[in-house]
Student: 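Shown below is the structure under consideration.
Here is the naming used below: chain letters follow the sequence lines, and residue numbers restart at 1 for every chain.
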Protein chains: 2
Amino acid sequence: MKKKQTVTIYDVAREASVSMATVSRVVNHNHNVKPETEQKVLNVVKKLNYRPNDVARGLASKKTTTVGVIIPNVTNSYFAALARGIDDIAEMYQYNIILTNSDGDEKKEIKALNTLYSKQVDGIIFMGNDISDEVREELRNVRTPVVLAGSVDPKNEFPSVNIDYRKAIYAQFNKLFENGNDRIAFIADNLSRSINKDYRIRGYQDALKDAGVPFRKSLLIEATDVSYESGYKLQERLIKSGATAAIVSNDDVAAGIMNAMGDNRINVPEQFEVATSDNTQLTEMTRPTMSTITQPLYDIGAVSMRLLTKVMDNEEIENNNILLSFGLKKRESTKD
Amino acid sequence: MKKKQTVTIYDVAREASVSMATVSRVVNHNHNVKPETEQKVLNVVKKLNYRPNDVARGLASKKTTTVGVIIPNVTNSYFAALARGIDDIAEMYQYNIILTNSDGDEKKEIKALNTLYSKQVDGIIFMGNDISDEVREELRNVRTPVVLAGSVDPKNEFPSVNIDYRKAIYAQFNKLFENGNDRIAFIADNLSRSINKDYRIRGYQDALKDAGVPFRKSLLIEATDVSYESGYKLQERLIKSGATAAIVSNDDVAAGIMNAMGDNRINVPEQFEVATSDNTQLTEMTRPTMSTITQPLYDIGAVSMRLLTKVMDNEEIENNNILLSFGLKKRESTKD
DNA sequence: GGCTTGAATGAAAACGGTTTCTCTGCTATT
DNA sequence: AATAGCAGAGAAACCGTTTTCATTCAAGCC
């Protein structure tokens with residue numbers, strides 16, 4: 001009938017006839033403890049199967065070795081890929097991840113921020129495309145380092161890791177333009193969000209201007225959300241708009257559009273070209289496969305976590321707003 | 001120059017001229033505090049913008065309102081869907097989620113378990129298809145409630161939420177058999193894992209027996225991993241095996257097989273039928289779309305989190321091993 | 001030989017809450 | 001009027017560490 005009371009640092013100290021301080025030093029690999037003493041303590045630790053209580057540790061040291069991650073939806077492959085990058089690097093630096101789904105909803109984001117704050121996380125990685133003013137305010141309030149991953153901040157107030165969305169769309173537009181399209185639609189789930197308004201659409205307009213093609217508002221199309229279904233439903237409207245090609249900001253939506261085209265006997269890419277943005281695995285799974293901007297998804301997550309560790313350690317940061325390089329991958333949904 | 005020292009319960013107590021105990025009571029919505037006093041405290045709380053420190057709380061109360069979630073890979077749509085269900089219910093019950101990727105690797109699983117243990121999580125949800133003996137041992141050691149989600153335990157030692165994999169495969173086999181196939185392959189990433197060996201393959205054999213079809217070992221095919229690529233590479237072997245249909249245990253793998261068939265001018269479903277198992281969104285995105293077992297993915301996660309709350313609260317549990325109902329969805333990759 | 005120095009250790013004060021007791025006054029009961 | 005009972009509040013112990021500061025002791029130095 002061994003009743004397993006949790007064994008504390010005090011138990012170890014007593015059993016090893018040393019003070020708690022010494023045990024603490026040993027456990028934390030501190031210098032200044034004689035090898036023999038260390039060994040003695042270590043033996044007792046093993047014998048008693050002592051495991052430090054991280055909560056007590058957190059209270060005393062004011063560090064929880066935990067970082068909060070706010071993600072719109074784990075179920076979204078784009079963000080899931082980032083999350084994986086984040087977790088891998090976090091683990092490498094001995095941090096754990098508290099994951100919270102926000103659905104990109106301001107209220108939920110703020111609530112999550114407050115919870116994480118209460119939980120005393122050492123840092124926060126925020127994903128959500130962009131940040132509203134209220135969220136910005138809250139982000140300032142939680143006095144813990146924040147890094148934005150795959151999420152823009154036009155004011156560059158917070159450290160962030162992204163690709164250059166503006167240039168990416170610019171490049172993609174030009175490809176399609178070279179293929180002979182002069183009516184190219186741009187599709188995103190929310191055109192007024194900063195990531196679209198201030199970056200992608202600008203890139204779109206840059207290209208328009210360079211190509212000497214007039215801007216048509218009707219070619220800017222908003223999807224109801226980032227889902228396959230919403231893309232599927234968009235197909236008709238897309239054809240009616242007179243567009244012959246589309247740049248889509250999300251792979252699921254793009255897949256929906258493409259399949260709807262196929263189901264309506266419109267050939268992709270012969271009759272309509274589709275280019276997408278995230279290079280998630282889905283781009284290889286559809287038929288035709290999808291041409292896309294290539295983003296280093298995993299790396300965006302990984303780099304932002306690494307950046308966060310630097311901020312948490314007060315290291316000198318050369319560049320707060322990191323832009324990772326992107327590429328263009330030609331697959332079957334575009335002509336060239 | 002307001003220097004923002006963190007405000008503690010003590011500050012609130014002083015400012016409101018009450019004791020810490022009273023503040024604590026108010027903050028925790030405890031009975032036994034006069035409405036006026038409560039209001040007075042509440043005012044100070046607001047004025048000082050006091051936020052309880054969850055770490056201190058956790059130490060004192062021995063509850064962290066945090067549960068650990070071990071997931072093979074967030075990037076896997078099947079598990080991501082479960083994770084979403086888990087997080088939603090967790091949030092509903094005021095818990096947060098510490099998410100750890102294990103890659104289904106025993107070493108990482110054990111390490112994660114230990115970390116979670118140190119962090120004093122109130123409970124753990126384990127995903128990983130099945131559990132090795134070492135993990136089982138560790139699962140016993142962490143003296144915190146554990147629930148398995150989408151992961152079998154032949155010994156039924158731990159509470160779990162699943163579908164009846166054996167019956168599901170049985171039903172699926174029969175469909176394909178009725179369609180005229182008598183050489184039906186079964187494909188999984190690891191045939192010796194319990195979930196396959198003890199459940200799916202048994203279902204497969206049950207069906208074989210009922211149908212009076214002899215068992216052919218060559219029709220049991222192991223994929224190198226659960227990925228689109230590994231499925232794609234399997235196609236040739238599949239044809240050589242003489243099979244005319246396949247039951248696949250993972251949607252990504254199934255998509256790979258199907259696309260490889262298409263790329264090699266083998267018509268699905270006319271020349272080869274493919275049925276898959278997870279009903280992730282991918283099943284609707286491929287062309288042809290995929291027939292599949294329908295699993296309530298989100299619900300498996302949600303129900304297991306709910307179950308965990310019950311275990312954590314020491315509630316009476318009527319059924320420790322929950323089987324959610326599954327279905328069969330006919331799409332384009334099978335004939336009928 | 002006295003004094004400085006530094007390594008090794010211990011004592012005890014935080015850390016910021018929860019919770020158990022205990023103590024007041026009232027109100028209700030008889 | 002005396003007493004029981006209870007609501008409301010405070011004092012202080014406790015949760016399990018880290019960390020500061022003090023102490024001891026031996027070696028090194030002139």
Student: Which is true for Asn28(A) with a 4.0 Å heavy-atom rule: it touches a base, it touches only sugar-phosphate, or it touches nothing?
Tutor: sugar-phosphate

Student: Tell me the interatomic distance from Lys40(A), atom NZ, to dA8(C), atom C1', rounded to whole angstroms.
Tutor: 12 Å

Student: How long is the line joining CG of Leu59(A) and P of dT18(C), in whole Å?
Tutor: 12 Å

Student: Does a nitrogen or oxygen in the side chain of Ser61(B) sit under 4.0 Å from OP1 or OP2 of dT18(C)?
Tutor: no

Student: Donor-acceptor pair, distance only, cut-off 3.5 Å: does the side chain of Asp313(B) make one with the backbone of Glu315(B)?
Tutor: no

Student: For Ser118(B), which contact category applies under a 4.0 Å heavy-atom criterion: base, sugar-phosphate, or nothing?
Tutor: nothing

Student: Pick base, sugar-phosphate or nothing for Val55(A), based on heavy-atom distances below 4.0 Å to the nucleic acid.
Tutor: nothing

Student: Would Glu91(A) and Lys108(B) pass as an ion pair if we require N to O under 4.0 Å?
Tutor: no

Student: Starting from C1' on dT17(D), measure out to CD1 on Ile9(A) and report it in whole angstrom.
Tutor: 6 Å

Student: Select one nucleotide: of dC15(D), dG10(C), dG17(C), the one nearest the side-chain heavy atoms of Met20(B).
Tutor: dG17(C)

Student: Of the options dG16(D), dA7(D), dT18(C), whose atoms approach the side-chain atoms of Ser24(B) most closely?
Tutor: dT18(C)

Student: Just wondering, more than 12 heavy atoms not from Lys40(A) lying within 6.0 Å of its NZ?
Tutor: yes

Student: Give the nucleotide from the list dT17(D), dG8(D), dG17(C) with an atom nearest to the side chain of Lys34(B).
Tutor: dG8(D)

Student: Does the base of dG10(C) carry an N or O that pairs as donor and acceptor with the side chain of Arg25(A) under 3.5 Å?
Tutor: yes

Student: In terms of side-chain heavy atoms of Pro52(A), which of dT17(D), dG10(C), dG8(D) is nearest?
Tutor: dT17(D)

Student: Taking the side chain of Lys62(A) as its heavy atoms from C-beta onward, which of dG16(D), dT9(C), dG16(C) lies nearest to it?
Tutor: dG16(C)

Student: Salt-bridge test for Asp103(B) and Arg84(A): reply yes if a basic N is under 4.0 Å from a carboxylate O, no otherwise.
Tutor: yes

Student: Check whether any side-chain N or O of Thr100(B) sits under 3.5 Å from a backbone N or O of Ile70(B) as a donor-acceptor pair, and report yes or no.
Tutor: no

Student: Starting from the 5' end of DNA chain D, give me the residue, Thr22(A) or Val18(B), whose nearest nucleotide shows up first.
Tutor: Val18(B)

Student: Please report the distance, rounded to the nearest Å, between CD in Glu36(B) and C1' in dG8(D).
Tutor: 11 Å

Student: Examine the side chains of Asp88(A) and Tyr298(A) and answer whether a donor and an acceptor come within less than 3.5 Å of each other.
Tutor: yes

Student: Check every atom of dT9(C), dT19(D), dA11(D) against the side chain of Ala21(B) and return the nucleotide holding the closest atom.
Tutor: dA11(D)

Student: When the distance from OH of Tyr10(B) to P of dT18(C) is rounded to whole Å, what number comes out?
Tutor: 17 Å

Student: Just compare dT18(D), dA7(C), dT18(C) and give me whichever is closest to any side-chain atom of Asn32(A).
Tutor: dA7(C)

Student: Ala60(B) side chain: which of dA9(D), dG17(C), dA8(C) is closest?
Tutor: dG17(C)

Student: Output yes when at least one side-chain N/O atom of Tyr50(B) is less than 4.0 Å from OP1 or OP2 of dG17(C), else no.
Tutor: yes

Student: OP1 or OP2 of dG16(C) less than 4.0 angstrom from a side-chain nitrogen or oxygen of Thr6(B), does that happen here?
Tutor: yes

Student: Once you round it to whole Å, what is the distance between P of dG8(D) and CG of Asn30(B)?
Tutor: 12 Å

Student: Shortest non-hydrogen contact from Thr8(A) to Tyr50(A)?
Tutor: C-CE1, 3.6 Å

Student: Output the single nucleotide from dT18(D), dG17(C), dT9(C) whose closest atom is nearest the side chain of Thr37(A).
Tutor: dT9(C)

Student: Could you say whether Arg57(A) or Glu38(B) is positioned toward the 5' end of DNA chain D, judged by the nucleotide with the nearest heavy atom to each?
Tutor: Glu38(B)

Student: Send over the distance from Tyr117(A) OH to dG16(C) C1', rounded to a whole Å.
Tutor: 13 Å

Student: Tell me the interatomic distance from Asp54(A), atom CG, to dC15(D), atom P, rounded to whole angstroms.
Tutor: 18 Å

Student: Given axes from five pairs at either end, by how many degrees does the helix from dG1(C)-dC30(D) to dT30(C)-dA1(D) bend, rounded to 10°?
Tutor: 40°

Student: Determine yes or no for a side-chain-to-main-chain donor-acceptor pair under 3.5 angstrom, with Ser151(B) supplying the side chain and Gly128(B) the backbone.
Tutor: yes

Student: At less than 4.0 Å, is any side-chain N or O atom of Thr8(A) found next to OP1 or OP2 of dG16(D)? Yes or no.
Tutor: no

Student: Are the side chain of Asn28(A) and the backbone of Asn30(A) linked by a donor-acceptor contact shorter than 3.5 Å?
Tutor: no

